[in-house]
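Everything on this sheet refers to the single structure shown next.
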There are 2 protein chains.
Amino acid sequence: MKKIDILKKLRSSSLRPTKQRVEIAKFLFEREKTFHFTVESLNKLLIKKSTSKIALATIYNTVHAFKAAGHLNEVEVRGNKTYFDTNVSNHHHFYDSETSELIDIDANDVVIQKIPKAPNGKKIKNVEVFINLKN
Amino acid sequence: MKKIDILKKLRSSSLRPTKQRVEIAKFLFEREKTFHFTVESLNKLLIKKSTSKIALATIYNTVHAFKAAGHLNEVEVRGNKTYFDTNVSNHHHFYDSETSELIDIDANDVVIQKIPKAPNGKKIKNVEVFINLKN
DNA sequence: TTTTCACTTTAGAATAATTATAAACTAAAA
DNA sequence: TTTTAGTTTATAATTATTCTAAAGTGAAAA
Ligand SMILES: [Mn+2]
Ligand SMILES: [Mn+2]
Ligand SMILES: [Zn+2]
Ligand SMILES: [Zn+2]
């Protein structure tokens, strides 16, 4: 992913490309593989990576703007912290509760044969499959 | 479910059958259908139902003991509050984000045809399917 | 260029859910 | 009865998150 794409992500999230936001965006989106994180873990990684530290509030604000723009997804994980996912396509997850680690599963690698009808007046928005792991 | 079963649930959770605990246990387990709740919602319902109010800490402690004993399950729901489920069998959920309501799906009503292998050294503990609803 | 002005960053305060604490209470056992 | 282990409760502490308000930034108007 090129710098121009980072700027696109920021613009499409109604965010001016400030130093802090570009740093966050590059950290999140300039990578080959999907990245799952909490605000806390992201903050720690940004502190290690970069010289200047970014205020927590800025990280929260930026992550939420990316989420609102559809550049990040929120994933439900047991526990109190909110997890985010740079993979915004329809997909599923392994969850390793030992390490609190999420691993992507391609949507095509799960085939559901039978599913109940949505209740009265409701429609199905999407189906999420979680595969919990043990050792 | 009879009183004797309530006492069994308490005993098997290493809980003495105090007035408060029996009241919580009866409220949770003496019902036909599955009950999904947060500690906050349970507290409100108990206040309405009963004359004496039970301290929040007691509700937290009791619910956690039931969970540890396997009489309650924790369900992952978007948001900050923890959801519990009186249905501890293997099953799935519809989730209506409009109303924050969970609806049980019997395990037999979902058939998965294809699933990826667990990663290196790990095994599959269980598979949870969430069907998100819209109007 | 200087000024303006909308947008940003940030430290710290506020909030909300949960957990810990410690004193008063209860009930089973001795 | 007395003892003892366990329990309830109000309140404090903790943790994740959101809010606030003051100081900073930079593009564009004057
Ligand atoms: Mn969660
Ligand atoms: Mn949750
Ligand atoms: Zn993912
Ligand atoms: Zn359920």
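Below, read A as the first sequence line, B as the second, and so on, with proteins coming before strands; counting in each chain starts at 1. Small disclaimer: the values here were computed from a predicted structure and weren't measured.
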Can you tell which of [options] lies closest to the side chain of [X]?
{"X": "B:T58", "options": "C:dT18, D:dT17, D:dT9", "result": "D:dT9"}
{"X": "A:R21", "options": "C:dT9, C:dT18, D:dA10", "result": "C:dT9"}
{"X": "A:V39", "options": "D:dT17, C:dT9, D:dT9", "result": "D:dT17"}

Separation of [N] [atom2] from [X] [atom1] (nearest whole Å):
{"X": "B:I54", "N": "C:dC25", "atom1": "CD1", "atom2": "C1'", "result": "16 Å"}
{"X": "A:L56", "N": "C:dT9", "atom1": "CG", "atom2": "P", "result": "14 Å"}
{"X": "A:L10", "N": "D:dG26", "atom1": "CG", "atom2": "C1'", "result": "16 Å"}
{"X": "A:E23", "N": "C:dT8", "atom1": "CD", "atom2": "P", "result": "17 Å"}
{"X": "B:N43", "N": "D:dA10", "atom1": "CG", "atom2": "C1'", "result": "14 Å"}
{"X": "A:I24", "N": "C:dT10", "atom1": "CD1", "atom2": "C1'", "result": "13 Å"}
{"X": "A:N80", "N": "D:dA13", "atom1": "CG", "atom2": "P", "result": "20 Å"}
{"X": "B:I59", "N": "C:dT19", "atom1": "CD1", "atom2": "P", "result": "14 Å"}

If you round to the nearest 0.5 Å, how far is [atom2] of [Y] from [atom1] of [X]?
{"X": "B:Q20", "Y": "B:T18", "atom1": "CD", "atom2": "OG1", "value": "4.5 Å"}
{"X": "A:F37", "Y": "A:F27", "atom1": "CZ", "atom2": "CZ", "value": "9.5 Å"}
{"X": "A:L72", "Y": "A:H36", "atom1": "CG", "atom2": "NE2", "value": "11.0 Å"}

| task | Looking only at non-hydrogen atoms, find the nearest pair between A:A25 and A:F66 and report the distance. | result | CB-CZ, 3.8 Å
| said: Consider salt bridge (charged side-chain N to carboxylate O under 4.0 Å, His left out). Of B:K122, B:K123, B:K125, which one does A:D96 pass it with? | reply: B:K122
| query | Pick the nucleotide of DNA chain D nearest each of B:A57 and A:Y60; which residue has the one closer to the 5' end? | reply | B:A57
| said: Reading DNA chain C from 5' onward, which residue's closest nucleotide shows up sooner: B:N61 or B:E40? | reply: B:E40
| Whether B:H93 and B:H91 hold their rings parallel, tilted or perpendicular, with breakpoints at 30° and 60° | perpendicular
Any side-chain N or O of [X] below 4.0 angstrom from OP1/OP2 of [N]?
{"X": "B:H64", "N": "C:dT18", "value": "no"}
{"X": "A:Q20", "N": "D:dT25", "value": "no"}
{"X": "A:K81", "N": "C:dT18", "value": "no"}

| query | Picking from A:D109, A:I105, A:V110, what satisfies side chain to side chain contact (heavy atoms under 4.5 Å, CB included) with A:V129? | reply | A:V110
Pull out every protein N or O sitting under 3.5 Å from an N or O of nucleotides 27-30 of chain C, one pair per line with the distance.
none

